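The figures that follow rest on heavy atoms only: side chains count, while hydrogens, waters and symmetry mates do not. The shown structure was predicted, so the numbers you read here are calculated from the model rather than taken from an experiment.
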Amino acid sequence: MRIQIEGIKKHPWFKKNYLPVKPSEEEVNLDDVRAVFDDIEDQYVSEQSVAKEGGPLMMNAFEMITLSQGLNLSSLFDRQQDYVKRQTRFVSRKPPRDIISSVEAVAESMGLKVHTRNYKTRLEQISANKVGEFAVVLEVFEVAPSLFMADVRKASGDTLEYHKFYKNFCTKLENIIWKPTEDVANPSVLRSLTC
């Protein structure tokens, strides 16, 4: 059984040199407190989740860390996760509007149904016999001022069909996909960010 607060206060060790705290009657002026904190807020940059002028979401450092396969802990929390990857991504130096318009054009040429809103696009393959149906969500993030990442995730359907689609899709998007030279970047980062 655990000791209660009253038991601690009655213990001889606790009573040795103990002086109870007496609350002070000092009056606090809240205007002074507000003035101090208002000044602090002016000195720091506030973090915004949406980029300037209604652009794509800015990717923060924590989101970038989860892109590293060695540091990604999602398998600990997602018990439903397939052994086959359900998410892929590519990097582009093209403006986000160009990325989205290229994605839409390629998807429509592949016979997919396309829905776009705020740098997020849903692509659906619908068939009469329900075989090979899948849905994909593609979202563009700003990684740096002139570097954008398209995160492509399987929303529903067969994972193998998704991977066949993705290989074909990337081949048709080669004009917007940025492939850095080997001496520019770390190879492990390239493997996780390119088609």
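Between the CZ atom in Phe141 and the CZ atom in Arg89 there is a gap of 9.5 Å [rounded to 0.5 Å]. The structure places CD1 of Ile100 at 11.0 Å from NZ of Lys120, a figure rounded to the nearest 0.5 Å. Distance check: Leu173 CG to Phe90 CZ gives 5.0 Å after rounding to the nearest 0.5 Å. A distance of 9.5 Å separates CZ in Arg153 from OH in Tyr162, rounded to the nearest 0.5 Å. Summarising the geometry, atom CD1 belonging to Ile8 is positioned 9.5 Å from atom CD belonging to Glu6; distances are rounded to the nearest 0.5 Å. Summarising the geometry, atom NE2 belonging to His163 is positioned 11.5 Å from atom CZ belonging to Phe134; distances are rounded to the nearest 0.5 Å.
Closest approach of Tyr119 to Pro96, counting heavy atoms only: CE2-CB, 3.4 Å. The nearest pair of heavy atoms linking Arg122 to Ala155 is NH1-CB, 3.7 Å. Minimum interatomic distance between Ile3 and Gly7 (heavy atoms only, all atoms of both residues): CD1-C, 3.9 Å. Heavy-atom minimum distance, Glu139 versus Leu57: OE2-CD1, 3.7 Å. The two residues Ile99 and Val140 come nearest to each other via the heavy atoms CG2-CG2, 3.9 Å.
Ion pairing between a basic and an acidic side chain is recognised when a charged N comes within 4.0 Å of a carboxylate O; Lys172 and Glu174 show no such pairing.
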Determine, stepwise, if the pair Leu147 / Trp178 fulfils side chain to side chain contact (heavy atoms under 4.5 Å, CB included). CA-CA 9 Å; Leu147 187 66; Trp178 179 61; 3.7 Å; yes

Taking it one step at a time, do Phe169 and Val136 satisfy side chain to side chain contact (heavy atoms under 4.5 Å, CB included)? CA-CA 11 Å; Phe169 189 64; Val136 172; over 6 Å; no

As a quick check of understanding, evaluate side chain to side chain contact (heavy atoms under 4.5 Å, CB included) for Gln125 and Met110, giving each step before the final call. CA-CA 9 Å; Gln125 173 147 345; Met110 294 172 74; over 6 Å; no

Show the numbers, then the answer: is there a side chain to side chain contact (heavy atoms under 4.5 Å, CB included) between Met149 and Met59? CA-CA 9 Å; Met149 184 193 74; Met59 184 168 279; 3.1 Å; yes

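Side-chain atoms of Thr121 do not come within 3.5 Å of backbone N or O of Arg117 as any donor-acceptor pair. Remark: the backbone N or O of Gly157 is paired with a side-chain donor or acceptor of Lys154 at under 3.5 angstrom. Side chain of Ser92 to backbone of Ile176: a donor-acceptor contact under 3.5 angstrom is found.
Using a 3.5 Å distance cut-off with no hydrogens or angles, the side chains of Glu104 and Thr116 do pair a donor with an acceptor.
When side chains are defined from C-beta on, Gln4 does not count as touching Arg2, because their heavy atoms never get closer than 4.5 Å. The shortest side-chain heavy-atom distance between Glu124 and His115 falls under the 4.5 Å cut-off.
Cluster membership for Val137 and Val152, using ILVMFWY side-chain heavy atoms within less than 4.5 angstrom, is not shared. Hydrophobic clustering (side-chain heavy atoms under 4.5 Å, transitive across Ile, Leu, Val, Met, Phe, Trp, Tyr) groups Phe165 together with Val114. Under the 4.5 Å side-chain heavy-atom criterion for Ile, Leu, Val, Met, Phe, Trp and Tyr, Leu123 and Ile177 are members of the same hydrophobic cluster.
Counting non-hydrogen atoms of other residues, nucleotides and ligands closer than 6.0 Å to NZ of Lys94 gives a total of 12 or fewer.
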